[in-house]
There are 2 protein chains.
Amino acid sequence: MAQNSIGHGPFSPEFHAASELVGRKWTGAIIYAIFNGKTRFAEIAAVIPGLSDRLLDERLKELVRHGILEKRSSEGEAKPGYHLTRKGLALRGVLIALYAWAINWPETE
Amino acid sequence: MAQNSIGHGPFSPEFHAASELVGRKWTGAIIYAIFNGKTRFAEIAAVIPGLSDRLLDERLKELVRHGILEKRSSEGEAKPGYHLTRKGLALRGVLIALYAWAINWPETE
DNA sequence: TTTATTACTTACTTTTCGTAAGTCAATAGG
DNA sequence: CCTATTGACTTACGAAAAGTAAGTAATAAA
């Protein structure tokens with residue numbers, strides 16, 4: 001079953017598209033920041049050292065275009081921020097798995 | 001606990017490094033192919049349309065350097081191929097999670 | 001009303017990627 | 001044995017993406 005295995009099947013275009021999108025430079029860090037409650041442009045920029053305004057803007061637009069984020073103000077927010085859609089929230093498991101791997105298998109070089 | 005949550009903590013350099021490495025162009029597809037039993041250079045190239053020899057070589061060298069792959073011949077193999085290390089095998093859960101997400105949330109554009 | 005901050009946009013440099021051709025060793029066929 | 005083919009890279013170069021810096025318009029604060 002597709003949920004529990006990557007099988008021994010052919011090349012998966014869906015998997016490839018997902019890994020090219022989610023794996024793009026800074027994208028992981030941006031989604032991670034939003035998971036951690038940073039919704040405004042400046043808040044996200046503040047927690048990701050090295051990320052420029054230009055690329056943050058580019059990545060946010062991509063993620064909105066792909067239905068992972070949406071720009072809106074939720075209750076209590078004066079100004080609109082970036083929020084995860086249901087599709088975006090579903091990425092949580094992927095990020096948790098990658099985070100766990102990163103912590104357990106540090107860089108060796 | 002670090003295993004089950006990405007928490008609401010600060011920026012994680014480990015997570016960032018991991019997502020930049022694993023998320024690099026073609027890297028996901030290459031590891032996926034090796035999980036699916038393709039160990040030789042030409043076999044990997046054959047199952048990933050669009051991937052050139054030059055980048056396959058570059059990505060394989062990177063993954064070996066980071067301890068995710070190693071180049072050796074296992075029993076029964078005449079010639080050496082690329083095999084996942086324990087660190088590389090530990091990525092299985094990440095790929096399964098991403099694969100499941102990709103299948104459940106297809107591109108909308 | 002000046003100053004500061006937010007959320008971008010524009011311009012330009014550097015790095016990475018894509019495409020193609022070339023190299024060198026190991027079979028395979030004639 | 002000689003030539004052809006395949007496998008596994010390597011080199012060269014133009015194109016695309018990312019990095020850096022500066023600029024701008026719209027609030028918000030002093």
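Chain identifiers are assigned alphabetically (A, B, ...) following the order of the sequence lines, protein sequences preceding nucleic acid strands; residue numbering begins at 1 within each chain. Computed over heavy atoms, backbone and side chain alike; hydrogens, waters and symmetry mates excluded.
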Notebook entry, point to check: Just how far, in rounded Å, is P of dA7(C) from NZ of K38(A)?
Noted result: 14 Å
Check: Nearest nucleotide by nearest heavy atom, which residue falls closer to the 5' end of DNA chain D, R24(A) or F41(B)?
Finding: F41(B)
Notebook entry, point to check: Under 3.5 Å, is there a donor-acceptor pair between the side chain of W101(A) and the main chain of A18(B)?
Noted result: no
Checklist line | Side chain of K71(A) - closest among dT27(C), dT16(C), dA7(C) | finding: dA7(C)
Notebook entry, point to check: What residues in residues 52-61 of chain B put a non-hydrogen atom under 4.0 Å from any atom of DNA chain D?
Noted result: D53(B), R54(B), D57(B), K61(B)
Margin query: Looking at E58(B) and K61(B), is any side-chain nitrogen of the basic one under 4.0 Å from a carboxylate oxygen of the acidic one?
Written below: no
Margin query: If the cut-off is 4.0 Å, is K25(A) near the phosphate of dT15(C), judged by side-chain N/O to OP1 or OP2?
Written below: no
Note to self: Between the side chains of R24(B) and E20(B), is the shortest nitrogen-to-carboxylate-oxygen separation below 4.0 Å, so that they form an ion pair?
What the structure shows: no
Note to self: With a 4.0 Å limit, can you tell me whether Y82(B) has a side-chain N or O closer than that to the phosphate oxygens OP1/OP2 of dA8(D)?
What the structure shows: no
Note to self: So does G67(A) get a backbone contact from the side chain of T85(A), meaning a donor-acceptor N/O pair under 3.5 Å?
What the structure shows: yes
Checklist line | Gap between atoms CG and P, on L51(B) and dC9(D) respectively (whole Å) | finding: 13 Å
Notebook entry, point to check: Hey, what do you get for OG1 (T39(B)) to NZ (K79(B)), rounding to the nearest 0.5 Å?
Noted result: 12.0 Å
Next item on the list: Round to a whole Å and report the spacing from CD1 of I30(B) to C1' of dC9(D).
Entry: 14 Å
Item checked: Distance, rounded to the nearest Å, where I48(A) contributes CD1 and dA7(C) contributes P -> 14 Å
Notebook entry, point to check: Is there a donor-acceptor pair under 3.5 Å between the side chain of E43(B) and the backbone N or O of R40(B)?
Noted result: yes
Checklist line | N or O in side chain of W26(B) less than 4.0 angstrom from dC17(C) OP1/OP2 | finding: no
